[in-house]
Student: 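Before I ask anything, here is the structure I am working with.
Both ligands and their constituent atoms are indexed starting at 1 by order of listing.
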Amino acid sequence: MATKSLDELTFNNRYTATLPADPSTEIRPREVRGASFSRVTPKTTAAPKIIGISPEMVAALELDTAVVDTDRFAAVMTGNEVLDGMDTYAACYGGHQFGNWAGQLGDGRAIALGEVETSSGEHYTLQLKGAGPTPYSRSADGLAVLRSSVREFLCSEAMHHLGVPTTRALSLALTGDQVLRDMFYNGNAAFESGAIVCRVAPSFVRFGNFELPSSRQDIDLLRATADHTIRTDFPHLGEPSPEVYAAWFGEIVDRTADMIVHWMRVGFVHGVMNTDNMSIHGLTIDYGPYGWLEDFDPNWTPNTTDAGRKRYRFGAQPAIAQWNLMQLANAIYPLIEKAEPLQAALDGYVERYQTGYQTMMANKLGLDRFDPEVDEDLMADLLNVLQLAETDMTIFYRNLADVDLAAGASADDRFAPLAEAYYVPEQLTTEVRSQIDAWLVRYADRVEASTLSADARVKLMNATNPKYVLRNYLAQLAIDKADAGDYAMITELLDVLRHPYDDQPGNETFAEKRPDWARTRPGCSMLSCSS
Ligand code: AMP
Ligand code: MG
C-alpha cells in the first residue's frame with residue numbers, strides 16, 4: 001500500500017457535517033444549546049516539537065513514516081496549521097461528576113481536527129488535547145502540561161498493546177509555551193512546559209453527549225446524536241428505531257463491561273470515571289490521574305481529589321460503570337419511552353461482567369475453564385491471599401506460571417518464584433507464608449484437574465498476565481527526564497510497552513516492582529486532576 005503525505009489524507013467529517021453546529025464562534029465560556037459542537041481554531045503555539053510518536057498509529061493512518069520528522073507534521077499536530085479538509089471543533093456534552101449532575105462540560109481543552117478516512121474505509125477522528133480555549137473551557141486555559149501529556153500518550157498506547165480497548169495517541173508534542181499550574185491545588189502555582197497529544201478514536205462521543213440534551217429536554221438533539229452514532233459506528237444494528245436504540249444500548253453495556261474486565265485484569269485504575277469520561281464505544285478515555293496497582297489493594301485510588309470517598313477506587317470500578325450506564329439509560333429513555341428494554345439491557349451488565357470476569361480469572365490462572373464448583377472460592381481466596389502482605393499484582397500473576405506445582409515440591413520451592421512480588425519481607429511471617437502456601441496447594445490441585453497441558457497453561461497465563469505495565473514510577477521517571485529536556489525515555493518506555501507479554505531479555509528492570517523511594521512520591525502514587 002502506498003503511504004501518504006499530510007496533503008494526501010482524506011477527511012470525511014461526518015460529525016460536523018451531520019450534527020447541528022453552534023452558530024457562534026465566540027470563545028468565551030458560555031452555555032451552548034441546540035448544538036453538538038462549536039467550531040474553534042487551535043491556539044498558535046510558539047515552538048512545536050514532536051517528542052513521541054506511535055508507529056502503529058502512523059501506519060493506521062497510512063502516513064509515510066518520513067512525514068513525522070517534518071516541521072509541518074509538528075505544526076499540524078499542535079494546531080499551528082490546519083490542513084485542507086479538516087473542520088476543527090470542540091464538542092458539547094455534560095456529565096455526572098463524582099456522582100452529581102454537573103450540567104454542561106464539553107471539550108474544554110480538546111479540539112478535534114476532523115475524521116480521516118483511510119483507503120480501506122476506516123475512520124479515525126484526530127483530536128488535539130491542550131490546543132487552547134474553547135467555549136467549554138470555563139475558568140481554565142484549555143492547555144495541557146508535559147507531565148499529563150506524557151502520561152496520556154504512554155498509557156493509551158500501553159493499554160492498546162495490552163489488548164485493552166482504548167483511545168489511541170498518534171503524537172506527543174511540546175508547544176514551546178509555558179503553562180501555569182497549581183499541581184496540588186495548594187497555592188503553589190508554577191510554570192510548566194505546555195504539550196499536546198494528538199488523540200485518535202473512531203469518535204470521542206461520551207455518555208455525556210446524550211445526557212446533556214436529555215437533561216434539557218432537547219429530544220431533537222438527543223435523537224440526532226443517537227442516530228448519528230448508530231449510523232456511523234454501529235451500522236450493523238440497522239436504521240434507528242426504538243428497538244434499535246435499545247439494542248444499541250445493550251451493545252454499549254456489553255462493551256463497557258468487557259472494558260472493565262480488562263481493567264481488572266491488568267490492574268488499571270482510571271481515577272475519574274465521571275460520565276463525561278465514558279466513551280460510547282466502550283473505550284478507555286481521558287487519561288488523567290489514573291494509576292496502576294502496585295501492591296494489590298482493591299481500595300486504592302491514585303486520585304488525591306477523590307481520596308476522601310474513594311468513589312473510583314480499583315475495586316469499585318465494575319459497580320461505577322454500571323451506575324454510569326444507568327445514567328445513560330435514563331438519558332436515552334425519551335427515544336424509547338419504555339423502561340423494560342433498557343432495564344433488561346442494564347440487568348445484562350452483571351451477567352456480562354461476571355462471565356467475563358470469571359473467564360478472565362481462569363485465563364490468569366491458566367485453567368481450561370471456570371468451574372463454578374471450585375473456582376469461585378479459589379479466586380475469592382486468592383484476592384485475600386494477595387492482601388495478606390503488600391504484594392505486587394503484576395509480578396505475582398506473571399510469576400505464578402513459574403511456580404513448581406509438582407506433588408513432591410516443597411513450600412519453599414513453590415514460593416521461590418513469587419518472592420520478588422513482596423514489598424516488605426518482614427510481613428512474610430510464618431502464618432502468612434503458610435496461608436499463601438495453602439492456597440498454592442489448592443491451586444496445584446485445580447491445575448491437575450484442568451485439561452490443559454503444562455505448556456498450554458503457561459502460554460495462556462503469559463498471554464493474559466503482562467510482564468510490563470506502565471508502572472506509576474516509570475511514567476514519572478520519563479516525566480522527570482522530559483522536564484529536564486531529555487525525551488529519550490519516552491520512546492524507550494513506549495518500545496518496552498509495545499510488547500507487554502514478551503519476556504524481553506535486557507529490559508527486566510522495567511518489570512521490577514516499585515522502588516522504595518517512589519512509595520510516597522507525588523506523581524508515583526498520588527496524582528491530582530491538575531493537568
Ligand atoms: P476531566 O474530568 O479531567 O476530563 O475534565 C472535566 C472537564 O473540565 C472537561 O469538560 C474538560 O474539558 C475540562 N477541563 C479540564 N482541564 C481543563 C483545562 N486545562 N482547560 C479547560 N478545560 C479543562
Ligand atoms: Mg474528560
Side-chain angles (χ1 to χ4, degrees), residues 22 27-32 36-38 40 42-43 45 79 89-112 125 127-149 151-152 155-156 166-167 169 175 177-185 189-197 199 201 203-212 215 269-281 283-291 301-306 311-312 320 324 327 527-531:
D22 171 11
I27 286 178
R28 72 179 167 82
R30 57 197 166 84
E31 201 167 69
V32 175
S36 299
F37 63 93
S38 306
V40 247
K43 187 173 178 276
T45 58
Y89 69 94
C92 182
Y93 53 81
H96 279 85
Q97 296 187 313
F98 297 95
N100 303 307
W101 175 243
Q104 176 182 305
L105 296 167
D107 287 334
R109 57 166 162 195
I111 298 179
T125 300
Q127 189 191 61
L128 302 184
K129 189 162 173 179
T134 77
Y136 312 100
S137 298
R138 295 178 288 167
S139 58
D141 55 13
L143 304 174
V145 294
L146 181 56
R147 65 184 149 84
S148 62
S149 305
R151 286 168 50 82
E152 172 132 19
C155 201
S156 35
T166 178
T167 62
T175 60
D177 297 309
Q178 294 294 301
V179 175
L180 193 62
R181 280 290 178 277
D182 185 355
M183 197 192 316
F184 285 102
Y185 304 122
F191 280 103
E192 300 184 44
S193 300
I196 293 178
V197 172
R199 305 200 288 191
S203 89
F204 290 91
V205 173
R206 302 132 192 278
F207 291 10
N209 291 70
F210 304 91
E211 289 179 278
L212 184 62
S215 75
V269 190
H270 183 284
V272 201
M273 290 178 72
N274 294 334
T275 55
D276 55 302
N277 292 340
M278 296 292 292
S279 151
I280 207 71
H281 306 282
L283 302 172
T284 313
I285 190 172
D286 278 9
Y287 291 90
Y290 68 81
T301 175
N303 185 358
T304 52
T305 315
D306 188 27
R311 178 181 171 85
Y312 297 140
I320 290 291
N324 289 342
Q327 307 315 313
L527 293 139
S528 73
C529 283
S530 156
S531 51

Student: Quick one about N274 and Y312 (side-chain donor to acceptor, distance below 3.5 Å, no hydrogens or angles considered), yes or no?
Tutor: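 Yes.
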Student: For the residue pair Y185 / T304, report whether a side-chain donor-acceptor contact shorter than 3.5 Å exists.
Tutor: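 Per modelled atom types, T304 and Y185 side chains form no pair under 3.5 Å.
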Student: For residues Y136 and S38, is any side-chain donor paired with an opposing acceptor at under 3.5 Å?
Tutor: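 The answer is yes; a qualifying pair exists.
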Student: Everything protein-side that's N, O or S and under 2.8 Å from the Mg ion (ligand 2): list it, residue and atom.
Tutor: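 Listed by chain and number: N277 OD1, D286 OD2.
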Student: Do we see a donor-acceptor contact under 3.5 Å between the side chains of N303 and T305?
Tutor: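 A donor-acceptor contact under 3.5 Å links the two side chains.
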Student: When D141 is tested against each of R109, K43, R181 for salt bridge (charged side-chain N to carboxylate O under 4.0 Å, His left out), which residue passes?
Tutor: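 So, applying the salt bridge (charged side-chain N to carboxylate O under 4.0 Å, His left out) to D141 and each of R109, K43, R181, only R181 qualifies.
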Student: Provide the closest heavy-atom pair for S156 versus E152 in the form atom of the first, atom of the second, distance.
Tutor: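 Residues S156 and E152, closest heavy atoms: OG-O, 2.6 Å.
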Student: F184: what forms a ring-ring contact (aromatic ring centres under 6.0 Å, His included) with it, not counting sequence neighbours?
Tutor: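 Partners of F184 under the ring-ring contact (aromatic ring centres under 6.0 Å, His included) test: none.
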Student: Hey, which residues fall under 4.0 Å of ligand 1 on heavy atoms?
Tutor: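 Ligand 1 pocket, heavy atoms under 4.0 Å: Q97, L105, G106, D107, G108, R109, S137, R138, A140, D141, G142, L143, R181, D276, N277, D286.
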Student: Would you please name every residue forming a side-chain hydrogen bond (donor to acceptor under 3.5 Å, both in side chains) with Q327, sequence neighbours left out?
Tutor: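 Per chain and number, Q327 pairs via side-chain hydrogen bond (donor to acceptor under 3.5 Å, both in side chains) with no residue.
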Student: Are R151 and Y287 in a cation-pi setup, meaning NZ or CZ lies under 6.0 angstrom from the ring centre and within 45 degrees of the ring axis?
Tutor: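 Because its charged atom misses either the 6.0 Å distance or the 45° angle limit, R151 does not stack over Y287.
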